[in-house]
Amino acid sequence: MTTRTVDAANELAAFLRSRRERLDPDRLGLPSPRRPRRTPGLRREEVAELAGVSTDYVVRLEQSRGLRPSPEVLTALAGALCLDPGERDYLFDLAGHRRPDSTGGPAAGAAPSLTRLVGDLSPLPAMLLDHRFDILARNPEMARLLPGFDAVAPSRRNAMRLCLLDPAMRGFYADREGTLRDGVAHLRAAWAAHPEDRALAELIAEFSAQDEDFARLWAEREVRVNGRGRKLLRHPVAGAITVDFEVLLPLQDPELRLLVYRGTDEESRASLDRLCAR
């Protein structure tokens, strides 16, 4: 018997309230109310009108009173609250309805072909992660780029744990806040998609207890993840390195993430080459 680690009804209620409260009525072109707004965002009756449901229904959803919204109602609420695709998936996961155009399921592990692919991507630093951010495979270039990686026990090789709790990694990401924000958003989405994953719940509890930045970002309920971008890395030996990153999802294992770095400029590429040749 599996035990859910997510109180889905309470989290659904909190998520709907947070997304309602962040909306700007003026930007949505809503008429000015007769009485001043005492709280930020839309009123429940405005969300209800936009979604085509009753105000009482929205109230009961936000009070976690045992409702089971249908996919059609969830779609209407997502539109009314201006949710992006990641937030829509999160909403559907909390309600127990994966969207029809979403795929997935927990990956049993890395297929040998994916592990070989990580190696074949050399000299570009690359690693394969699961939905918990456990590092399933990495090539030598990525191992050399991550400070102190070889000293970390294989069972502790989790990308978020390294970023949060490993002293050698503390100053590695110049924009640590942005890196953590992306990582927390991914973990929150994974948490809703895998409510029976006790190992994931224990990781989140560990990170929340040991790092105040993680706890603060977790409370914001963001689920928007950047799949590509640019990072400034501060390596203790190679110095400043700017990389473009790309996150790829294998079609047959969409719960896995293949992360690839590439030096952005000539100087960064030369620094990576020197580092990886050591």
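These values consider heavy atoms only, across backbone and side chains, with no hydrogens, waters or symmetry-generated copies.
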For this session: Can you measure from CG (D273) to CD (E266) and round to the nearest 0.5 angstrom?
Result: 10.5 Å
For this session: For residues L162 and V152, determine if any side-chain heavy atom of one lies less than 4.5 Å from a side-chain heavy atom of the other.
Result: yes
Exercise. Hey, are D130 and R257 close enough for a salt bridge, meaning a charged N less than 4.0 Å from a carboxylate O?
Worked result: no
For this session: Begin with the C-alpha distance, continue with both residues' side-chain angles, and end with the deciding distance and a verdict on side-chain contact (heavy atoms from CB on, under 4.5 Å) for L233 and L145.
Result: CA-CA 9 Å; L233 310 178; L145 180 60; 3.9 Å; yes
For this session: Would you please name every residue forming a side-chain contact (heavy atoms from CB on, under 4.5 Å) with E202, sequence neighbours left out?
Result: R198
Exercise. So do L180 and C163 actually touch side chain to side chain, heavy atoms under 4.5 Å?
Worked result: yes
Exercise. Under 3.5 Å, is there a donor-acceptor pair between the D93 and H194 side chains?
Worked result: no
Problem set entry | side-chain contact (heavy atoms from CB on, under 4.5 Å) partner of L61, the single match among L16, V47, V53 | L16
For this session: Only counting residues at least two apart or in another chain, list the ones meeting ring-ring contact (aromatic ring centres under 6.0 Å, His included) with F133.
Result: H186
Seminar exercise, completed: Closest non-hydrogen atoms of R170 and D213, given as atom of the first, atom of the second and distance, are NH2-OD2, 4.4 Å
For this session: Output all residues satisfying side-chain contact (heavy atoms from CB on, under 4.5 Å) with A185, sequence neighbours left out; order by chain, then residue number.
Result: V225
For this session: Kindly write out the residues that satisfy salt bridge (charged side-chain N to carboxylate O under 4.0 Å, His left out) with R181, not counting sequence neighbours, or none if the list is empty.
Result: E177, E220
Problem set entry | Reported CG-to-CG distance for the pair L217 and L187, which is rounded to 0.5 angstrom | 11.5 Å
Problem set entry | F245 vs R262 side-chain heavy atoms within contact, under 4.5 Å | no
For this session: State whether the number of non-hydrogen atoms from other residues, nucleotides or ligands found under 6.0 Å of E21 atom CD is greater than 12.
Result: yes
Exercise. Does anything in residues 144-160 pair up under side-chain hydrogen bond (donor to acceptor under 3.5 Å, both in side chains), and if so which pairs, sequence neighbours excluded?
Worked result: D134-N158
Exercise. If you look only at pairs with a residue in residues 50-59, which of them pass as a side-chain hydrogen bond (donor to acceptor under 3.5 Å, both in side chains), with sequence neighbours excluded?
Worked result: D56-R60
For this session: Take L12 and S64 through the side-chain contact (heavy atoms from CB on, under 4.5 Å) test and state the conclusion after the steps.
Result: CA-CA 8 Å; L12 177 63; S64 185; over 6 Å; no
Exercise. Between I135 and L129, is any pair of side-chain heavy atoms under 4.5 Å apart?
Worked result: yes
For this session: Taking salt bridge (charged side-chain N to carboxylate O under 4.0 Å, His left out) as the test, write out the residues that go with D244, two or more places apart.
Result: R230
Exercise. Do the side-chain N and O atoms of T179 and K231 include a donor-acceptor pair separated by under 3.5 angstrom?
Worked result: yes
Problem set entry | Set of side-chain contact (heavy atoms from CB on, under 4.5 Å) partners for A174, sequence neighbours left out | L232, R234
Problem set entry | Contact summary for L146 and M169, nearest pair of heavy atoms | CD2-CE, 4.1 Å
Exercise. What pair of heavy atoms forms the shortest contact from S122 to E141, and how long is it?
Worked result: OG-OE1, 2.7 Å
For this session: Drop me the distance from R132's CZ to L200's CG, to the nearest 0.5 angstrom.
Result: 6.5 Å
Exercise. Measuring from L117:CG to L128:CG, what's the distance to the nearest 0.5 Å?
Worked result: 8.5 Å
For this session: Name all residues meeting the side-chain contact (heavy atoms from CB on, under 4.5 Å) criterion together with R224; count only those two or more places apart in sequence or in a different chain, and write none if there are none.
Result: R22, D84, E87
For this session: For residues A95 and P69, report the shortest heavy-atom separation together with the two atoms involved.
Result: CB-CG, 4.3 Å
For this session: Please report the closest heavy-atom contact between A192 and L94, naming both atoms and the distance.
Result: CB-CD2, 3.9 Å
Exercise. Are W191 and D197 close enough that some pair of their side-chain heavy atoms sits under 4.5 Å apart?
Worked result: no
For this session: Using a 4.5 Å cut-off on heavy atoms from C-beta on, say whether the side chain of S268 contacts that of V243.
Result: no
For this session: State whether the side chain of D24 and the backbone N or O of G41 hold a donor-acceptor pair below 3.5 Å, judged by distance alone.
Result: no
Problem set entry | Flag side-chain contact, heavy atom, 4.5 Å: L275 against H235 | yes
For this session: Starting at CG of L81, measure out to CG of L91 and round the result to the nearest 0.5 Å.
Result: 8.0 Å
Problem set entry | Atom CD of E62 with >12 non-hydrogen neighbours under 6.0 angstrom | yes
For this session: Name all residues meeting the salt bridge (charged side-chain N to carboxylate O under 4.0 Å, His left out) criterion together with R65; count only those two or more places apart in sequence or in a different chain, and write none if there are none.
Result: none
Problem set entry | Side chain to side chain, Y261 and E246, heavy atoms closer than 4.5 Å | no
For this session: Please identify each residue that fulfils salt bridge (charged side-chain N to carboxylate O under 4.0 Å, His left out) with R188, with sequence neighbours left out.
Result: E11
Problem set entry | Heavy-atom pair with the smallest gap, counting every atom of A137 and T115 | CB-CG2, 4.1 Å
Problem set entry | Straight-line distance of R228 CZ to L248 CG, nearest 0.5 Å | 8.5 Å
Seminar exercise, completed: Only one of L203, D211, D166 passes side-chain contact (heavy atoms from CB on, under 4.5 Å) with R161, and that residue is L203
For this session: Check the pair E46 / R20 against salt bridge (charged side-chain N to carboxylate O under 4.0 Å, His left out), numbers first and verdict last.
Result: CA-CA 10 Å; E46 291 170 329; R20 174 173 62 81; over 6 Å; no
For this session: Inspect the contact between R176 and D182 and indicate whether a charged nitrogen and a carboxylate oxygen are less than 4.0 angstrom apart.
Result: no
Problem set entry | Set of ring-ring contact (aromatic ring centres under 6.0 Å, His included) partners for F15, sequence neighbours left out | Y90
